[in-house]
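The following block contains the structure, expressed as structure tokens.
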2 protein chains.
Amino acid sequence: MPGSDKKRGSATAAQAHEGTLVTRGERKQRTRSTLLDAALKLMGEGRSFTSLGLREITREAGLVPTSFYRHFRDMDELGLALVEEGGLTLRRLLRDARKAGMPVEDIIRGSVRVYLHYVREHHLQFLFIVGERMGGSPTIRRAIRTEVTHFTNEMAQDIQQLRLLPRELSTAALQMICGLVVSTMLNAAGDILDLPPKQTQLEHELVEHYVRQLRLIFLGSTLWKESP
Amino acid sequence: MPGSDKKRGSATAAQAHEGTLVTRGERKQRTRSTLLDAALKLMGEGRSFTSLGLREITREAGLVPTSFYRHFRDMDELGLALVEEGGLTLRRLLRDARKAGMPVEDIIRGSVRVYLHYVREHHLQFLFIVGERMGGSPTIRRAIRTEVTHFTNEMAQDIQQLRLLPRELSTAALQMICGLVVSTMLNAAGDILDLPPKQTQLEHELVEHYVRQLRLIFLGSTLWKESP
DNA sequence: TGTACATCAGTGAACGCGCGTTCACTGATGTAC
DNA sequence: TGTACATCAGTGAACGCGCGTTCACTGATGTAC
């Protein structure tokens with residue numbers, strides 16, 4: 001029976017797709033994720049990131065405080081990792097929208113509905129991004145700003161390629177418009193996250209509110225003239 | 001010689017402001033203000049409100065920690081006082097704008113410039129309002145939301161009375177538009193507060209960016225049709 | 001293949017420190033007569 | 001008016017507690033031969 005009792009040791013790619021985590025690196029990544037999730041969970045209880053403590057997070061993650069340092073130099077570094085994760089979540093939103101396509105009619109209402117569900121599905125990430133975008137430490141704030149700018153540029157590219165805006169607009173104008181759309185949708189995320197659960201009436205009003213704001217923006221876009 | 005040698009005793013931080021304060025009530029108000037200012041000042045150093053400590057604030061205010069309780073039950077109550085102060089600052093902005101009037105041509109650029117200076121003049125208040133609007137504790141966040149809603153409604157009233165929008169719009173539509181304007185300007189405040197000093201080039205670009213966004217919104221407003 | 005050694009994620013005790021809150025107090029200001 | 005007493009903003013000592021960080025450690029995993 002060669003190799004039958006040898007399930008540890010040098011775990012190579014052959015074993016990588018087996019169910020349980022084997023290598024040290026994989027375990028480490030998993031623990032790191034646990035720490036990030038713990039931080040998000042605590043923020044989900046109404047706390048801001050800057051008010052979280054290192055011990056609090058490791059406790060929530062089921063680790064001893066000193067383990068923290070195996071993964072992050074300090075809280076700032078953990079925060080930046082959360083920003084990166086949040087940035088990925090934002091990109092995925094665009095990617096999903098690109099793939100799924102949208103109903104040609106009422107594309108705006110469709111998008112807002114999809115967005116609402118997406119924000120709920122990733123509510124801890126949005127809570128972090130939206131909450132720290134203006135109120136976090138300067139470092140975190142700058143990192144979030146960078147992610148949001150990238151997101152805005154990608155959206156501009158998508159809109160251009162999909163010909164979602166009727167007339168030709170300069171890149172600068174398109175970016176300005178997307179900036180307004182993005183800040184409006186981040187504002188919407190704040191409202192979505194504060195929406196009490198099961199209030200379909202309130203939820204519907206919220207959707208309609210942002211549908212109108214976006215419609216107004218696109219209405220303005222059709223009239224836009226380059227700098228007069 | 002009544003009152004000649006009688007000016008010392010418990011010389012407090014509150015008295016440091018020149019001696020014309022007489023009544024106990026006035027002194028108390030002054031100390032309260034000192035506490036609020038201390039909290040704002042600490043936030044001005046890049047901290048979020050939720051991360052501030054009671055001792056930290058009293059220390060900054062030149063008081064002993066226990067004095068805090070003469071003015072606020074806890075940090076949340078101090079935060080709500082700051083929201084109220086910030087709300088007053090927002091109203092004053094509208095009131096000033098109403099009184100001053102605006103150049104009939106280029107009313108938007110004029111407004112954005114006035115706004116930029118106003119935000120700088122009251123930068124600590126805006127730092128608090130904008131920073132805690134999304135990221136603060138639920139209590140503070142709700143309070144800020146209320147203030148911002150009032151502000152939006154007042155703005156809608158002003159715009160209606162001053163006939164700033166050409167066509168007739170329903171109250172609901174006007175409020176929706178003002179909501180978009182306000183959230184855009186709060187977003188702008190975040191950028192203004194992060195603007196490095198003395199960078200007139202960046203400052204000018206920022207102003208032009210928001211001028212374009214507002215112009216887009218007003219352009220959309222002229223086309224707005226009630227729910228189709 | 002088996003063995004001997006290196007690595008390093010996670011542990012647990014210990015530290016000094018600042019925190020929020022309590023309590024009894026002081027003494028100037030306010031009030032009743 | 002002056003006097004005697006009440007009020008209460010601000011003080012200072014004390015408390016128990018959780019914090020971030022250090023250090024030496026353990027033992028499973030990884031590697032060299």
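Each chain gets a letter, A, B and so on, in the order the sequences are listed, and its residues count up from 1.
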Problem - Pair partner, D:dC17 [Watson-Crick or wobble, under 3.5 Å] - result: C:dG18

Problem - Residue whose closest nucleotide on DNA chain C lies nearer the 5' end, B:R24 versus A:H71 - result: A:H71

Exercise for the section: Starting at atom CG of B:L42, determine the distance to atom P of C:dC19, rounded to an integer number of angstrom. Expected result: 11 Å

Practice task
Could you tell me which nucleotide pairs with C:dT11 by Watson-Crick or G-U wobble geometry, both distances under 3.5 Å, or answer none if nothing does?
Solution key: D:dA24

Practice task
Give a yes/no answer on whether the side chain of B:T66 brings an N or O atom under 4.0 Å of OP1 or OP2 in C:dT22.
Solution key: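 So the side chain of B:T66 is outside the cut-off, no N or O lying under 4.0 Å from OP1 or OP2 of C:dT22.
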
Problem - Atom-pair distance (CG on A:L63; C1' on C:dG12), nearest Å - result: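 The answer, rounded to whole Å, is 14 Å.
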
Handout entry: Nearest-Å distance for atom pair CD1/C1', residues A:I57 and D:dG18
Key = 15 Å

Problem - Shortest non-hydrogen separation from A:S48 to B:T50 and the atoms involved - result: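 Shortest heavy-atom separation between A:S48 and B:T50 comes out as OG-OG1, 2.7 Å.
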
Problem - Whole-Å distance separating the CE atom of B:M75 from the C1' atom of C:dC19 - result: 12 Å

Exercise for the section: Indicate, with a heavy-atom threshold strictly under 4.0 Å, whether A:Y69 touches base, sugar-phosphate, or nothing. Expected result: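 Here A:Y69 touches the bases of the nucleic acid.
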
Practice task
Please name the pair of heavy atoms, one in A:E132 and one in A:F49, separated by the smallest distance, quoted to 0.1 Å.
Solution key: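 Minimum heavy-atom contact is OE2-N, 3.0 Å.
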
Exercise for the section: Check every atom of C:dG10, C:dA9, C:dT29 against the side chain of A:K28 and return the nucleotide holding the closest atom. Expected result: C:dA9

Practice task
Taking all heavy atoms of B:S51 and all of B:E56, pick out the closest pair and write down the distance.
Solution key: O-OE1, 4.1 Å

Practice task
Might you point out which heavy atoms bring A:V83 and A:I129 nearest each other, and give the distance in Å?
Solution key: O-CD1, 4.3 Å

Problem - Rounded distance (Å) that lies between atom C1' of C:dT21 and atom CZ of B:F68 - result: 12 Å

Practice task
Please report, rounded to the nearest Å, how far the P atom of C:dC25 is from the CZ atom of B:R70.
Solution key: 14 Å

Handout entry: First encountered from the 5' end of DNA chain C, between B:L54 and A:V64
Key =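 First, find each residue's nearest nucleotide; the 5'-ward one identifies A:V64.
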
Exercise for the section: Please examine the side chains of B:E77 and B:H71, heavy atoms only from C-beta on, and report whether any two atoms are closer than 4.5 Å. Expected result: no

Practice task
Ignoring backbone atoms, test whether B:R27 places a side-chain nitrogen or oxygen under 4.0 Å from the OP1 or OP2 oxygen of C:dT29.
Solution key: yes

Handout entry: Nearest-Å distance for atom pair CZ/C1', residues B:R55 and D:dC15
Key = 11 Å

Handout entry: Any strand: nucleotide that pairs with C:dT3 via Watson-Crick or wobble, under 3.5 Å
Key =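 Pair assignment: C:dT3 / D:dA32.
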
Completion exercise
Atom CD of A:E26 and atom P of C:dA9 are separated, to the nearest Å, by 14 Å

Exercise for the section: State whether A:R59 places a side-chain N or O below 4.0 Å from either non-bridging phosphate oxygen (OP1 or OP2) of D:dC19. Expected result: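 Yes, such a contact exists.
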
